[in-house]
There are 4 protein chains.
Amino acid sequence: MSEKSRPLRTDARRNCERVLAAAEAVLARDGTTASMRAVAEAAGVGLGTIYRHFPTREALFEGIMAARMFQLTDSSSELAEAADAGEAFFRFFTAVVDNAGRMRALAEALADAGVDVKAGTAEAAAALRTALETLQERAQRRGDLRPDLRLPETLALLAAMCLAAEHRRWEPAARDRTLAVLFDGFRPR
Amino acid sequence: MSEKSRPLRTDARRNCERVLAAAEAVLARDGTTASMRAVAEAAGVGLGTIYRHFPTREALFEGIMAARMFQLTDSSSELAEAADAGEAFFRFFTAVVDNAGRMRALAEALADAGVDVKAGTAEAAAALRTALETLQERAQRRGDLRPDLRLPETLALLAAMCLAAEHRRWEPAARDRTLAVLFDGFRPR
Amino acid sequence: MSEKSRPLRTDARRNCERVLAAAEAVLARDGTTASMRAVAEAAGVGLGTIYRHFPTREALFEGIMAARMFQLTDSSSELAEAADAGEAFFRFFTAVVDNAGRMRALAEALADAGVDVKAGTAEAAAALRTALETLQERAQRRGDLRPDLRLPETLALLAAMCLAAEHRRWEPAARDRTLAVLFDGFRPR
Amino acid sequence: MSEKSRPLRTDARRNCERVLAAAEAVLARDGTTASMRAVAEAAGVGLGTIYRHFPTREALFEGIMAARMFQLTDSSSELAEAADAGEAFFRFFTAVVDNAGRMRALAEALADAGVDVKAGTAEAAAALRTALETLQERAQRRGDLRPDLRLPETLALLAAMCLAAEHRRWEPAARDRTLAVLFDGFRPR
DNA sequence: TATGAATGAGACTTCATTCAT
DNA sequence: GATGAATGAAGTCTCATTCAT
């Protein structure tokens with residue numbers, strides 16, 4: 001296929017990306033109450049263009065969330081081979097919390113990653129869950145995490161931290177102090 | 001002419017209570033986005049009746065939150081004299097999380113208890129904070145909690161657990177397993 | 001428990017007067033948009049008490065207006081025998097405007113005095129109209145007013161001045177300067 | 001089949017004009033208390049359409065007032081060069097009163113022209129005031145108006161006539177008779 | 001295909017009036 | 001008789017979604 005064979009598709013894709021980028025920024029700023037008009041204005045496109053690519057407001061927002069979750073999942077790959085398995089797990093956990101804190105509205109999606117409630121984010125959530133599980137089990141095998149720690153609890157605690165980070169933007173230092181306490185609960189005694 | 005704070009008429013008090021009960025139920029079901037009409041219908045009263053007792057939507061909802069928070073604070077009194085100071089602290093922490101989990105919309109208020117953002121709940125939040133601090137310091141003096149644990153972290157973690165408990169109703173067993181991990185981080189090593 | 005002559009009637013009359021006085025004050029302050037609750041609070045009585053004496057909000061307000069108009073009419077009696085007939089006419093005209101300016105909401109009633117639109121003020125308006133006519137005709141007979149001035153025009157101009165005085169509270173000095181121009185149009189050339 | 005320079009604009013403009021026309025009619029009929037729904041129904045559009053073109057109720061109504069006031073100001077241009085300066089002044093004065101009488105709700109705006117209370121009409125009011133001042137000063141220089149007449153009084157009297165004309169629709173003949181009396185007060189003695 | 005104008009349900013709130021206490 | 005609690009229609013405004021251009 002040559003590049004000229006599908007000009008419309010190119011346009012459409014470009015617009016779709018602009019919408020996604022703008023929606024991400026708006027969601028980060030305004031949270032889940034962001035209006036479709038705000039997204040359209042930030043993207044520099046019409047309202048109808050958004051609805052062409054995403055059937056409903058929910059579909060758009062879930063699309064954003066899924067993309068972010070895939071990004072996070074990707075970032076776990078290299079951590080899965082880091083020398084310090086415990087540190088890798090904590091780094092990933094922190095990265096997820098950090099993302100929730102940076103983008104209002106992402107927190108809920110991340111919190112839902114443990115249970116897959118939304119159809120739009122189910123696949124991404126499953127991938128994220130698997131990534132966390134992988135890191136956790138490796139750290140447990142290395143003796144860096146308590147062996148009785150199960151994934152449901154880890155996910156619940158991750159969800160909690162994400163929601164809190166979003167609810168009131170955590171300063172990095174405060175975030176580290178808070179997570180440090182939690183992480184001590186993760187370690188073998 | 002008008003005596004100070006005359007007792008409410010019986011029918012007025014009954015309706016006020018019905019409004020409060022209905023509002024609590026609706027807040028538990030729908031969260032902070034609950035509409036005034038939903039409350040009115042649940043209470044079986046007219047919209048105006050709600051506004052007679054609570055000047056604004058915020059006043060009603062914050063009033064409920066504050067009441068719950070005062071209830072929680074009250075429940076800490078006897079715990080403050082329990083034999084096992086550490087257990088008392090954990091019980092109170094769990095009770096707060098439990099309340100957040102039972103009523104959507106309470107969680108945010110509890111999460112805000114650390115910072116007092118809303119005027120309507122500031123006093124109740126301060127009381128709750130003090131109660132937690134009292135229990136925590138006693139447990140630390142008894143050696144049941146790690147001495148380097150500071151209130152800001154405790155509050156942040158409490159907020160996180162409340163938000164998570166509300167976000168997805170935690171089963172008591174799951175809640176206990178999750179908090180158990182966290183509480184291990186609170187204990188001296 | 002002992003004297004049961006006519007306590008209720010006395011109470012009722014006293015309450016009625018309190019309502020009227022309060023309503024006048026509130027109408028002066030808030031204008032025609034004054035709420036029944038504001039009147040009740042100013043009077044120190046319940047809302048029901050107002051409705052006992054006046055069937056509707058309109059009836060109450062028209063009652064006030066009528067009373068004021070009768071007062072004004074009464075004040076014309078002595079002017080009708082003043083030595084300077086022209087001055088008497090101007091004084092009365094000014095007094096009416098002054099009342100409109102002092103009590104928001106009275107202006108409309110006075111402006112309607114020329115046409116009797118409201119049932120509640122018809123009688124009072126007719127009396128006021130007659131009083132003005134009497135003063136005008138006497139002044140015309142004395143040669144103090146232009147002989148071709150007819151009552152409809154006088155009433156229309158009085159209405160205009162009342163509405164303007166209410167619309168933006170006229171300072172006495174400004175009021176006098178403005179009326180002075182108008183009065184020059186009333187005088188014989 | 002090829003003429004499509006402005007496909008969307010046409011509809012929007014047509015609706016905007018329909019809204020303006022309907023709003024003028026409704027304002028003329030109901031005065032400042034006219035509801036947005038009444039305007040929407042009169043225009044045959046949805047409520048949202050009005051809010052698309054005018055952000056608030058005030059903006060719509062003040063916009064209409066301002067437009068009318070600018071129209072009036074424009075009409076003064078040719079009068080400013082008329083041979084008979086006094087007649088020009090009186091004609092303009094009458095035109096303003098006439099407009100107030102034709103449209104309920106315009107009267108208040110015109111009455112406020114002397115003081116500029118509303119932000120939305122301030123500019124138009126200032127222009128109208130200047131137009132009146134220009135005509136008045138020219139007429140005074142020509143000796144057609146009494147030299148001691150100052151603008152504040154003229155404005156107060158204009159406001160009064162506008163309010164009265166609106167309050168009870170003046171027939172042209174009655175209006176002329178009434179203004180004739182007033183205008184005599186404006187003339188040199 | 002992209003646009004954004006139009007829609008209208010639904011949000012909060014006020015207030016004249018009724019009626020149980 | 002007096003009170004004021006209750007009612008609910010009506011007001012302004014927002015926003016997800018549809019559809020004509």
Side-chain angles (χ1 to χ4, degrees), chain A residues 7-9 11-12 15 33-41 44-58 60, chain B residues 1-2 6 8-16 19 33-40 43-58 60, chain C residues 7-12 15 33-41 44-58 60, chain D residues 4-16 19 33-40 43-58 60:
Chain A
L8 296 178
R9 236 178 215 278
D11 270 18
N15 267 333
T33 65
S35 75
M36 292 298 265
R37 183 168 300 276
V39 174
E41 280 169 7
V45 303
L47 273 171
T49 304
I50 300 180
Y51 280 93
R52 166 157 303 277
H53 296 291
F54 303 90
T56 67
R57 165 200 161 88
E58 215 172 28
L60 167 61
Chain B
M1 219 58 215
S2 55
R6 219 169 21 177
L8 233 56
R9 243 164 62 178
T10 53
D11 59 340
R13 168 171 303 193
R14 194 199 56 209
N15 265 327
C16 182
V19 167
T33 65
S35 78
M36 294 299 264
R37 183 168 298 277
V39 174
V45 303
L47 267 173
T49 303
I50 300 181
Y51 281 94
R52 156 162 296 276
H53 295 292
F54 303 92
T56 66
R57 163 204 169 82
E58 286 236 309
L60 169 60
Chain C
L8 297 178
R9 235 180 218 274
T10 305
D11 273 17
N15 268 334
T33 65
S35 74
M36 292 298 265
R37 182 168 301 276
V39 174
E41 280 169 8
V45 302
L47 274 170
T49 304
I50 299 180
Y51 280 94
R52 167 155 301 277
H53 296 291
F54 303 91
T56 67
R57 165 199 160 88
E58 217 173 26
L60 167 61
Chain D
K4 283 194 174 182
S5 58
R6 289 186 177 183
L8 285 176
R9 203 63 168 205
T10 308
D11 255 25
R13 169 170 301 191
R14 194 200 57 208
N15 266 328
C16 182
V19 167
T33 65
S35 78
M36 293 299 263
R37 184 167 298 277
V39 174
V45 301
L47 266 174
T49 303
I50 300 180
Y51 282 95
R52 157 162 297 277
H53 295 291
F54 303 91
T56 66
R57 165 202 168 83
E58 286 235 308
L60 169 60

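What you see is a predicted model; the values in this text were computed from it and never measured. Computed over heavy atoms, backbone and side chain alike; hydrogens, waters and symmetry mates excluded. Per chain, numbering begins at 1; letters A, B, ... match sequence-line order.
The CG atom of D:D11 sits 18 Å away from the P atom of E:dT3 (whole-angstrom rounding). Across the protein-nucleic acid pair, C:R52 atom CZ and E:dC19 atom P stand 14 Å apart, rounded to whole Å. Taking atom CZ of D:R13 as the reference point, atom P of E:dG4 lies 16 Å away to the nearest angstrom.
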In the 5'-to-3' direction, what one-character label does each nucleotide of nucleotides 8-17 of chain E receive under the scheme B = base within less than 4.0 Å of a protein heavy atom, S = sugar-phosphate only, - = no such atom?
B--SSBB-SB

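Checking the phosphate oxygens (OP1, OP2) of F:dG1, no side-chain nitrogen or oxygen of C:H53 falls inside 4.0 Å. Contact annotation: D:N15 side-chain N/O to E:dA6 OP1/OP2 distance is under 4.0 Å.
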How does DNA chain F look in dot-bracket notation if pairs are Watson-Crick or G-U with both distances under 3.5 Å, crossing ones as [ ], other-strand ones as |?
.||||||||||||||||||||

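Between B:M36 and B:R57, the shortest heavy-atom contact is CE-CA, 3.6 Å.
Under the rule for a side chain to side chain contact (heavy atoms under 4.5 Å, CB included), the partners of A:F54 that lie at least two apart in sequence or sit in another chain are A:C16, A:V19, A:L20, A:A59, A:L60. Annotation: side chain to side chain contact (heavy atoms under 4.5 Å, CB included) contacts of C:E58 (sequence neighbours excluded): C:T56, C:E62, C:K118. Taking A:A40 as the reference, A:L47, A:I50 meet the side chain to side chain contact (heavy atoms under 4.5 Å, CB included) condition, with sequence neighbours excluded.
Salt-bridge formation is detected for the pair D:D11/D:R14: a Lys NZ or Arg NE/NH1/NH2 atom is positioned less than 4.0 Å from an Asp or Glu carboxylate oxygen.
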